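Below is one structure, written out as structure tokens; the observations come after it.
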Amino acid sequence: MTFTWVLIVTALWWGACIAAYALWARHQLRHSDPGRPARPGRAS
Amino acid sequence: MTGIRVFVIVYLAFQFAVGVYFFRRVRSTQSYVVARGSLNGPMLGGTLAATQLSSATALGDVAWTAFYGVAYYFIVWPFLWLGYWIGARWVARKMWAFGKRAGGLTIPHLLGARYDSQRLVRPVASLVLIFSYLFSFGVQSDAAGIVLNQLFGLSHTEAVLIASAVFVAYTFLGGLLSIAYNDCLQICLFVIAYIVAAFYLIHDSGGAGHVTTAIRHTDPSLLNVFGSHALSFGTIIGIAISVTLLFISYPIDTMKFYSAKNPRSLLGGIGVAFVLQALVAIAVVGLGIAGRVLYPKWSLTQFDALMPTVAIKVLPSAVGALVMAILVGAVMAVSSSILLTLGASVSQDLYVVLMRPGASDRHRLIATRIGVVLIAVAGTGLSFANLGAIATVVNNVLQVMAASFPVALLGGMIWRRPNRLGALLSMIGGAIGVVIWIRLGSPYGLAPVFLGMVLSIAGMLIGIVFGRPVPASVVDPFIEEPSPDEAVMTSPLPETL
């Protein structure tokens with residue numbers, strides 16, 4: 001693998017980890033915060 | 001060189017000024033220790049990341065990447081986040097709710113409340129925290145002294161005293177508010193300095209294409225993301241698991257969970273910290289590999305000095321100044337958080353609990369500031385003793401902490417059975433296990449935290465079998481998920497709590 005590809009693959013791998021955390025955190029907040037209105041057009 | 005010196009002086013003076021500014025805003029122990037639960041997500045994320053990204057990252061991890069290749073970081077970082085996530089999933093929300101419910105300030109406070117043992121579990125937890133981190137504080141002051149010594153040619157004593165004076169002053173004056181603002185400035189500069197430095201160093205090494213060619217000539221396995229000749233996949237996984245254990249409860253970061261404004265700030269802040277860490281880490285990968293191209297024959301110890309060397313010799317003076325300033329700032333960010341964590345613990349978990357249970361808030365605030373000064377004096381004194389290599393001491397401290405707290409903290413939040421005896425045995429057993437393993441020279445290449453963790457779990461199980469259970473009325477609030485009422489309770493605590 002070239003150096004450029006190493007940087008790209010690393011960024012994608014870490015980005016996926018952070019995205020997974022963000023999805024989990026959003027799920028947590030939605031389920032413990034019933035007073036918060038859902039976004040228009042989306043199920044709460 | 002003069003430009004670099006001036007910039008570092010201005011940076012230190014600014015940090016001191018932040019402390020002076022927040023001195024007037026601190027009116028209660030809550031506002032001093034946990035910023036009155038008022039930090040939003042970006043602020044919390046900034047201070048969490050700045051505390052975690054110490055000089056070990058700024059210097060040591062660049063050296064590891066240069067010497068061992070990209071696999072170390074590629075694998076280890078997600079395991080570090082896994083540790084944070086476990087803490088976020090099972091500890092953070094409940095700890096935050098405890099802070100709002102009972103004015104929680106420290107981790108020993110939380111443990112004392114969970115195990116219904118304010119006069120035993122709480123002080124013991126406090127002593128474990130203080131004695132281990134005090135050594136870490138000592139070597140951090142030493143590290144700041146080394147950087148200032150290189151930059152200004154001061155004697156070691158003068159350099160340590162000047163470096164310590166700045167972060168002791170801003171912590172003493174402004175508490176967590178000044179720490180959080182200085183940390184946010186530090187982490188922004190850290191990200192900018194390391195990304196710019198990485199681009200510059202890669203360019204200086206002949207561009208990304210030439211870096212690939214040069215590394216293939218030196219050792220092609222350095223670009224392998226699953227391990228290199230010098231560091232195998234198995235070894236990295238061993239390190240990665242110990243890193244996960246280390247960051248489940250990283251006290252100087254975990255304590256800041258109390259300071260979040262609401263659950264959104266809390267979980268969002270942890271996410272912001274991940275993004276900031278990733279930005280610095282990707283720059284570290286670039287810097288390490290480009291550094292290896294520039295200095296293919298250097299040893300691991302020589303690579304420890306890679307960043308100061310390129311800051312002074314290779315980078316343009318503006319970028320070099322920024323890098324040197326953040327090297328000093330990295331030490332300040334960690335040391336100030338250690339100082340506040342320990343100062344608060346000395347005053348709240350030992351002095352107030354054991355000697356002045358009915359102390360007024362004003363009295364407790366003064367005691368906390370005196371605690372900060374006492375820790376600063378003791379820690380700075382230790383920095384003049386020969387404690388050993390910085391990375392080794394910091395690592396040993398992390399291992400002791402990682403084996404002492406997670407079982408009592410995490411176990412107490414997810415299971416009703418852990419009791420007072422179990423908490424005591426698990427904390428003491430974990431610490432003793434780590435010390436024994438270090439004394440034995442870490443046989444089989446296993447990190448000390450593994451034996452510590454085994455003894456810590458064994459201690460908890462023995463305690464559960466032989467000790468008395470904690471009353472359900474005490475345990476229940478810690479086991480149940482925070483209620484929606486707590487989740488929407490977003491206003492900061494009153495000043496006079």
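Since we're looking at a predicted model, the values are computed, not measured. By convention in this document, chain letters (A, B, ...) are assigned in the order of the sequence lines, proteins followed by strands, and residues within each chain are numbered from 1.
With a 4.5 Å cut-off on non-hydrogen atoms, A:Ala11 touches chain B through its backbone and its side chain both. Using a 4.5 Å cut-off between heavy atoms, B:Ile270 touches chain A through backbone and side chain atoms alike. Both the backbone and the side chain of B:Arg89 come within contact range of chain A, each with at least one heavy atom under 4.5 Å from a heavy atom of that chain. Contact annotation for B:Ile282: both backbone and side-chain heavy atoms come within less than 4.5 Å of a heavy atom of chain A. Both the backbone and the side chain of B:Val275 come within contact range of chain A, with heavy atoms under 4.5 Å apart. A:Trp24 touches chain B through its side chain: at least one heavy atom from C-beta onward sits under 4.5 Å away, while N, CA, C and O do not. Both the backbone and the side chain of B:Tyr73 come within contact range of chain A, each with at least one heavy atom under 4.5 Å from a heavy atom of that chain.
For the pair B:Arg101 and B:Phe478, the cation sits on the ring face: its NZ or CZ lies under 6.0 Å from the ring centre, inside 45° of the axis.
Between A:Trp14 and B:Gln277, the side chains place no donor N or O within less than 3.5 Å of an acceptor N or O (distance only, hydrogens not considered). Side-chain N/O atoms of B:Ser221 and B:Asn224 include no donor and acceptor closer than 3.5 Å.
The aromatic rings of B:Tyr72 and B:Trp64 lie tilted to each other, with the angle between the two planes from 30° to 60°. Ring geometry for B:Phe190 versus B:Tyr194: interplanar angle over 60°, hence perpendicular rather than tilted (30 to 60°). Ring geometry, A:Trp13 versus B:Phe74: the interplanar angle falls from 30° to 60°, so the pair is classed tilted.
Interface check for chain A: of the options B:Ala278, B:Pro78, B:Gly271, the most heavy-atom pairs under 4.5 Å are formed by B:Pro78.
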